[in-house]
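Below: the structure, in structure tokens.
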Amino acid sequence: MLFLYNTLSRKKEMFVPLHEPNVGMYVCGPTVYGDPHLGHARPAITFDILFRYLQHLEYKVRYVRNITDVGHLENDADAGEDKIAKKARLDQLEPMEVVQYYTNRYHKAMEALNVLPPSIEPHASGHILEQIEFTQKILDAGYAYESEGSVYFDVEKYNKDYRYGKLSGRNVEEMLETTRELDGQSEKRRSVDFALWKKASPEHIMRWKAPWSEGFPGWHMECSAMGTKYLGEEFDIHGGGMDLMFPHHECEIAQSCAALGKDSVRYWMHNNMITIGGQKMGKSLGNFITLEQFFTGKHPLLNKAFSPMTIRFFILQAHYRSTVDFSSEALEASEKGLERLLEGYARLQKLKPNGKQPATAGVDKSSLNQTASGVNQVSLSQTASGVEQFSSGQVASGDKSESSLAGLRQRCESAMNDDLNTPIVISNLFDALKTINLVHDGKAGISENELAELKSVFKLYLEDLMGIQEEAAQGEGVEAYQKAVDLLLNIRLDAKKNKDWATSDRIRNELSALGFEIKDTKDGFEWRL
RNA sequence: GGUACUUUGGCCGAGUGGUUAGGCACCGGUCUGCAAAACCGUCUACGGCGGUUCGAAUCCGCCAAGUACCUCCA
């Protein structure tokens with residue numbers, strides 16, 4: 001049973017889809033007027049996990065994540081000017097050129113982070129008609145009014161029939177007292193009213209024809225229009241960053257409810273912010289670090305470059321509803337942990353069952369040492385009897401591994417079911433890693449069944465659900481190159497046997513100089529680039 | 001000012017009534033021609049004060065510190 005925290009109720013609720021086995025999920029995507037930064041990675045990864053997990057639970061998921069390329073107003077000197085248009089003028093580019101550029105950049109970063117593409121990725125600019133229609137519906141329902149070519153949502157009237165503020169826990173009366181004076185509010189009846197359609201000023205480049213004026217849709221309209229278009233008037237999950245809770249999602253609820261007479265969304269989910277020195281990382285504070293800067297290490301706050309997988313792992317090590325404080329040190333800690341975990345996972349693939357074989361125990365008493373000749377060496381040849389038995393006297397420690405393995409899958413599953421608690425899943429994998437290493441070192445036994453289960457759980461949770469994978473390039477020639485390195489290191493191994501330290505050290509030193517990390521093990525070697 | 005939230009060991013970060021979260025670092029050990037790496041083990045904290053309870057990091061109250069939203073923002 002999957003439980004998800006619903007912002008509406010402030011409680012974890014059992015997830016029951018409206019139309020099983022189908023699940024509709026909408027997540028607020030990026031505004032494409034700047035390079036994607038760490039803050040963009042969090043919702044993308046959070047809801048990627050949910051997307052993957054729902055599919056694992058055998059739901060048929062339609063995942064919609066929008067691209068905002070129109071309509072956000074800026075409240076500064078250029079008040080009322082569209083963000084995209086502003087950036088376009090500065091760069092002397094067509095607005096859609098800017099949109100395309102940053103959309104591509106975003107996609108590239110998401111792919112690097114192993115974030116699966118959504119089922120549908122609608123652009124706001126491609127759904128102007130739908131937004132005009134939606135606005136008309138609200139007008140027809142009587143919850144909006146036209147004023148000087150713009151259309152505003154009548155929050156006060158809406159609040160009499162429904163309740164405005166139920167998501168963020170605000171009430172309109174208080175807001176009327178406390179909201180500040182803003183430019184352009186003279187057109188509005190109340191300061192809390194918000195634009196559904198905005199008339200474009202003469203210098204405004206992005207504009208569309210509508211019954212009320214030539215202009216552009218209000219900032220919250222795209223999600224209402226596109227969400228209901230692709231997922232229906234009612235759908236299961238709507239996600240996004242916590243900073244969107246108010247006003248964006250609150251207004252969205254009001255719009256949809258006003259137009260359709262009912263709530264559209266069952267489960268509202270919000271990921272928390274990434275902080276830097278305890279402060280939110282964001283555009284307005286100018287303290288954000290772009291994903292590219294992470295990947296290249298080119299930022300004053302970074303001691304080094306960090307791989308996309310490290311970023312992903314770092315984010316998954318915190319629960320999605322907690323703030324997570326970024327620092328180079330914290331990332332370095334995650335990086336090391338991830339490395340160890342992935343190395344163990346690679347090791348697991350080479351592991352052979354030993355000891356504690358239920359029925360066919362005691363078949364073959366060959367030594368475990370034969371398998372320990374190096375992780376990168378191919379040693380997967382499974383004999384028909386398959387089982388290599390570990391020497392007696394290790395049976396006791398074998399029981400230890402059993403206890404830590406028992407229920408591993410179940411523990412991971414409960415963690416995921418408990419509002420996607422990926423930190424707990426990870427801690428369980430680290431526990432299992434201990435067993436893997438003990439078996440690898442010949443200090444514990446593992447049966448064939450246990451081994452298969454272990455491999456299966458790691459594959460499922462680490463790779464399929466959390467989307468963590470080796471970053472090593474997969475391509476033609478890679479295998480040949482790996483074998484070449486193995487060959488060199490085997491020559492070194494021979495040299496060592498002959499106590500030819502000169503040759504041995506030369507191979508190691510020169511490979512190290514090329515960037516290889518050589519690890520001598522008891523019976524062979526491991527290496528990585 | 002309003003609303004909501006947070007405060008966990010050297011650092012990051014789970015955990016909502018009773019057993020060791022986990023990671024990183026440190027320290028100890030194993031392995032080793034040397035070196036590195038790897039592996040194993042150790043380190044038992046919960047902002048302060050009071051209350052409820054047989055028992056609280058976990059529930060309640062007060063205090064302190066901090067953050068977010070109220071304006072574009074993931």
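So that the names make sense, note that chain A is the first sequence line, chain B the second, and so on, each numbered from 1. Note that the coordinates shown come from a computational prediction; the quantities given were computed from them, not determined experimentally.
In this structure, the nucleotide among rC73(B), rG33(B), rC39(B) sitting nearest to the side chain of K443(A) is rC39(B). When each of rA25(B), rC70(B), rG22(B) is scored by its nearest atom to the side-chain atoms of F430(A), the top-ranked nucleotide is rG22(B). Nearest nucleotide to the side chain of K434(A), out of rG15(B), rG41(B), rC39(B): rG41(B). Of the candidates rC73(B), rA14(B), rG33(B), rA14(B) carries the atom nearest the I424(A) side chain, counting heavy atoms from C-beta on. Comparing rC73(B), rG2(B), rA21(B) against the side chain of T31(A) picks out rC73(B) as the nearest. For Q279(A), counting side-chain heavy atoms from C-beta on, the closest listed nucleotide (rU67(B), rG33(B), rC24(B)) is rU67(B). Counting only heavy atoms from C-beta on, R170(A) has its side chain closest to rC70(B) among rC70(B), rG22(B), rA25(B). Distances were taken from every side-chain heavy atom of E343(A) (C-beta onward) to each of rC39(B), rC70(B), rA38(B); the shortest belongs to rA38(B). For R10(A), counting side-chain heavy atoms from C-beta on, the closest listed nucleotide (rC12(B), rG15(B), rA4(B)) is rA4(B). Ranking rC73(B), rG23(B), rC34(B) by closeness to the L244(A) side chain, first place goes to rC73(B).
Here the separation of rG61(B) from rA68(B), taken at their C1' atoms, is 25 Å to the nearest Å. With both ends at atom C1', the span from rU53(B) to rC60(B) equals 12 Å, rounded to whole Å. Between the P atoms of rG10(B) and rC43(B), the separation comes to 15 Å (whole Å). Across the C1' atoms, rA64(B) and rG50(B) are found 15 Å apart, a figure rounded to whole Å. rC40(B) and rA56(B): their C1' atoms are spaced 34 Å apart (whole Å). Of the P atoms belonging to rU7(B) and rG41(B), the separation is 30 Å, rounded to the nearest Å. With P as the reference atom, rC63(B) and rA4(B) are 16 Å apart, rounded to whole Å. Between rU42(B) and rG28(B), the distance separating the two C1' atoms is 7 Å to the nearest Å.
In this entry the distance linking CZ of R492(A) with P of rC34(B) reads 13 Å, nearest Å. In this entry the distance linking CD1 of I276(A) with C1' of rC73(B) reads 16 Å, nearest Å. As rounded to whole Å, 13 Å separates atom P of rC39(B) from atom NZ of K336(A). Atom C1' of nucleotide rU30(B) and atom CG of L438(A) are separated by 12 Å, given to the nearest angstrom. Note: NZ (K280(A)) to C1' (rC69(B)) measures 8 Å, nearest angstrom. Rounded to whole Å, the distance from CG on D325(A) to P on rC5(B) is 21 Å. Remark: C1' of rA4(B) and NE2 of H270(A) are 13 Å apart, rounded to the nearest angstrom. Distance OH (Y320(A)) to C1' (rG15(B)): 16 Å, rounded to an integer number of Å.
If you check every strand for non-hydrogen atoms under 4.0 Å, S334(A) touches nothing. Using a 4.0 Å heavy-atom criterion, one finds that M273(A) contacts the bases of the nucleic acid, with or without backbone contacts as well. Within the nucleic acid shown, I274(A) comes within 4.0 Å of at least one base atom, counting heavy atoms only. Residue H37(A) is in base contact, counting any heavy-atom pair closer than 4.0 Å across all strands shown. At the heavy-atom level, R340(A) lies under 4.0 Å from the strands shown only through sugar-phosphate atoms. Counting any heavy atom pair closer than 4.0 Å across all strands shown, V27(A) reaches no nucleic acid atom. The residue K499(A) sits apart from the nucleic acid: no heavy atom pair falls under 4.0 Å. Looking at heavy-atom distances under 4.0 Å, N428(A) makes no contact with the nucleic acid at all. G337(A) comes within contact range of the sugar-phosphate backbone alone, with a heavy-atom separation under 4.0 Å but no base atom that close.
Between Y345(A) and F458(A), the ring planes are parallel. Angles under 30° get that label, and only those over 60° would be called perpendicular.
Side-chain atoms of N271(A) and R321(A) form no donor-acceptor pair, as typed in the model, at a separation below 3.5 Å. Using a 3.5 Å distance cut-off with no hydrogens or angles, the side chains of E222(A) and N66(A) do pair a donor with an acceptor. T323(A) and N272(A) share no side-chain donor-acceptor pair at under 3.5 Å.
The side chain of N437(A) contributes an N or O atom lying less than 4.0 Å from OP1 or OP2 of rC39(B). Under 4.0 angstrom from either OP1 or OP2 of rA14(B) there lies at least one side-chain N or O belonging to S322(A).
The 5' end of RNA chain B is approached more closely, in terms of each residue's nearest nucleotide, by P247(A) than by the other of G282(A) and P247(A). Both N272(A) and G278(A) sit near RNA chain B, but only G278(A) has its closest nucleotide nearer the 5' end.
Between E292(A) and R105(A) there is a salt bridge, with a side-chain nitrogen of the basic residue lying less than 4.0 Å from a carboxylate oxygen of the acidic one. A salt bridge between R508(A) and D505(A) is present, with a side-chain N of the basic residue lying under 4.0 Å from a carboxylate O of the acidic one. With salt bridges taken as basic N to acidic carboxylate O contacts below 4.0 Å, one links E510(A) and R506(A). Looking at D500(A) and K496(A), no side-chain N of the basic residue comes within less than 4.0 Å of a carboxylate O on the acidic one, giving no salt bridge.
Side-chain atoms of S427(A) stay outside donor-acceptor range of the base of rG23(B), with no qualifying N/O pair under 3.5 Å. With hydrogens and angles ignored, no donor-acceptor pair under 3.5 angstrom links the side chain of R321(A) to the base of rC5(B). You won't find any donor-acceptor pair under 3.5 Å spanning the side chain of D418(A) and the base of rG15(B), going by distance alone.
Nucleotide rG41(B) forms a pair with rC27(B), judged by Watson-Crick or G-U wobble geometry with both contacts under 3.5 Å. With a 3.5 Å ceiling on both atom-pair distances, the Watson-Crick or G-U wobble partner of rG66(B) is rC5(B).
Each of Q255(A), E252(A), H248(A), H249(A) was scored for a side-chain hydrogen bond (donor to acceptor under 3.5 Å, both in side chains) with H220(A), with one residue passing: H248(A).
An aromatic stacking contact links W501(A) with the base of rG33(B), defined here by ring centres under 5.5 Å apart and ring planes under 30° from parallel.
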